[in-house]
Amino acid sequence: MILEQTGPPADTARPRQSHGRPEASAPRKQGPSWSPRPPSSRAAVARLVQVAGAVDAALSVLPTWHQRFPLLAELVPTAGILTARAATGVVGVLLIYLGAGLRRGKHRAWQLAVGLSALSAVLHLVKGLAGAAAFGLALCALLVWKRDHFTALGDLRNRWRALRAGAMFLGAGFLLGFAEIAVRANRLVDHPGVVKWAEHAALGLVGVSGPVQFQHPMGAAAVSVTTGAFGLLAFTAAAVLLLRPGTRRRQPTPEDEARLRATLHRHGGGDSLGYFALRADKLLIWGPSGRAAVAYRVVNGVSLASGDPLGPPSAWPEAIAAWLDDCARHGWTPAVLACGTPGGTAYRRAGLDVIELGDEAIVEVPGFSLEGRCMRGVRQAVGRMRRAGYTCEVIRRGDLSADVLAEAVHCANALRVGKVERGFSMALSRLGQAADADCLYVLCRDAEGRLRGLLHFVPWGDDGLSLDLMRGDRDAGNGLTELMIVSAIEAAAGLGVRRISLNFAVLRSVFARAEQLGAGPVIRLWARLLGLVSRFWQIESLYRANAKYQPLWQPRFLCFPSARDLPRIALAALGAESFLPQRATSR
């Protein structure tokens, strides 16, 4: 859990830390304001750069119909022409790659686009394509003219990563080129010295022939290909690393956590996901008044918020505006995962589009009962487990002894499927910390007293619980999960709990509508497709596992700027939920 005051940081690697109350009177630094669509001129420049890149890539493989200029024929050898063709292809691919960054207003993408367009013009001149060279110069001039549209900050650490990668490839290319010359030392013209060998290898990295002459053309070509290839690799790797999306990573302070917990204590009853803002990998950006905040994490250039904003709804707009301005300042794509109806409404008013993501199952404790035909399956499962000697203990974290707590933590780790702790929007990803004294544990033991399963709930305001963790021994009897959930509901009234949030069912409405009388063929087909996907991801099974408790279904939404951003947002969400591998720097 990390907190941040509004206002642009010095750079994305070291954003400004806030302590205590925000400085409402401090002047706010000016930065680009967020809008759901980039300026039309910026988008047009990005498309034009991508078109130029596609043209460069095509010209690098198409035959050349024009002869080189006589002057260039004297200055640039044939090997240089071949290297220029290969370099033009690399430049073209990089210009296409830069289009996405330019569309988001990345200043570093603009810098590279200016340099690459100028380099493209030079390479076309080397090949004798005057028209293509003029187009590259015109594109470079256009980028310089529109420079004010590309001001989004980059990650300072990427400069050193790019420099290190480029230096490694250049060094490797130089050594290999030098070694290739050395093994052909007895087949060189005039026996040049070692200094000439080094000069030849260094010039080969930039596609220029050096002073060493080979007796056989194949030897010269081999050295040129090796050094030229590593030179292109160095340039490409440095450019890609330089454009890698920036991240934020800082350590929280006790003051930060105390401020957040105070906000949750006053306004945490609105959203069942509010307590999950205390995750160690989440940042908070506060509105100018310090009354509301947005919890988020940056994953691969996507600023991924989760749940509703924290604090009173009247202060949400200023917190959302601060978060969106921060996204614009750094060129990040804003997205919100699993917000509720109030939060979705607030984000839509701020300019984001909203679609339904699924439904959250909420059990109302006063109205819950095991009686009735609809609860027959749950009732039988619970009765079967109790007759087998299984019992459940429902207890707060603050009331657990050290030995039982250690046993619960060990059980949770032992029963976890896989090595990765999944979750982001609806998981706390920690267990047993003293600061989480109000969290609730359900410990299920068999007749011999062995711990066979556990549930972990986090507080939801003063009268609610939200399911965080569910672990069960697969060798235990069928009905273990039902027994633990029913035990929690039965004990809830005595704990002052009136509502319990269970799991989240993705696209639940599709399955529910497909079961209704008169469901159309499109809905039925969509439900079948989701059923196939459920063989690999828990979609339908999770819906049915929650539906048996007859819960109230509360919709949850996904907020995003435009449909073209959905693939990037989907990958970022899967990465944040640990369904995809992520770099350590993105956490």
Side-chain angles (χ1 to χ4, degrees), residues 42-64 79-129 131-140 142-143 150 152 154-155 158-159 161-170 172-173 204-208 224-245 300-301 331 333 564-565 567-568 571:
R42 191 172 78 193
V45 171
R47 284 193 294 268
L48 187 59
V49 167
Q50 290 181 318
V51 169
V55 171
D56 283 351
L59 290 177
S60 68
V61 297
L62 292 176
T64 303
I81 299 298
L82 295 177
T83 304
R85 289 175 65 89
T88 301
V90 173
V91 168
V93 173
L94 287 176
L95 286 175
I96 296 174
Y97 177 72
L98 286 173
L102 291 172
R103 184 178 177 83
R104 296 194 297 273
K106 286 282 191 179
H107 183 66
R108 196 159 289 164
W110 172 84
Q111 290 176 321
L112 283 176
V114 170
L116 289 174
S117 59
L119 178 60
S120 173
V122 173
L123 293 173
H124 285 307
L125 280 177
V126 171
K127 296 187 299 176
L129 300 178
F135 180 75
L137 291 176
L139 179 61
C140 182
L142 177 63
L143 286 166
F150 306 97
D155 193 334
N158 287 347
R159 300 179 185 177
R161 297 187 184 111
L163 182 62
R164 184 167 58 249
M168 289 176 60
F169 278 114
L170 289 176
L205 294 172
V206 293
V208 178
S224 297
V225 169
T226 299
T227 54
F230 272 89
L232 290 176
L233 280 174
F235 179 75
T236 303
V240 171
L241 288 175
L242 196 61
L243 289 173
R244 193 164 65 171
N300 294 333
T333 300
R564 67 180 299 160
D565 296 312
R568 295 183 67 250
L571 290 176

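Fair warning: this is a prediction, and the values are worked out from it, not measured in the lab.
- The nearest pair of heavy atoms linking Gly53 to Leu95 is CA-CB, 3.7 Å.
- Nearest approach of Phe230 to Phe169, heavy atoms of both residues: CD2-O, 3.5 Å.
- Closest non-hydrogen pair, Thr227 versus Gly173, comes out as CG2-O, 3.8 Å.
- Side-chain contact between Leu143 and Ser117 is present, with heavy atoms from C-beta onward closer than 4.5 Å.
- We find the CG-CG distance between Leu102 and Leu48 to be 10.5 Å, quoted to the nearest 0.5 Å.
- Partners of Thr333 under the side-chain contact (heavy atoms from CB on, under 4.5 Å) rule, at least two apart in sequence or in another chain, are Arg104, Val302, Pro561, Asp565, Arg568, Ile569.
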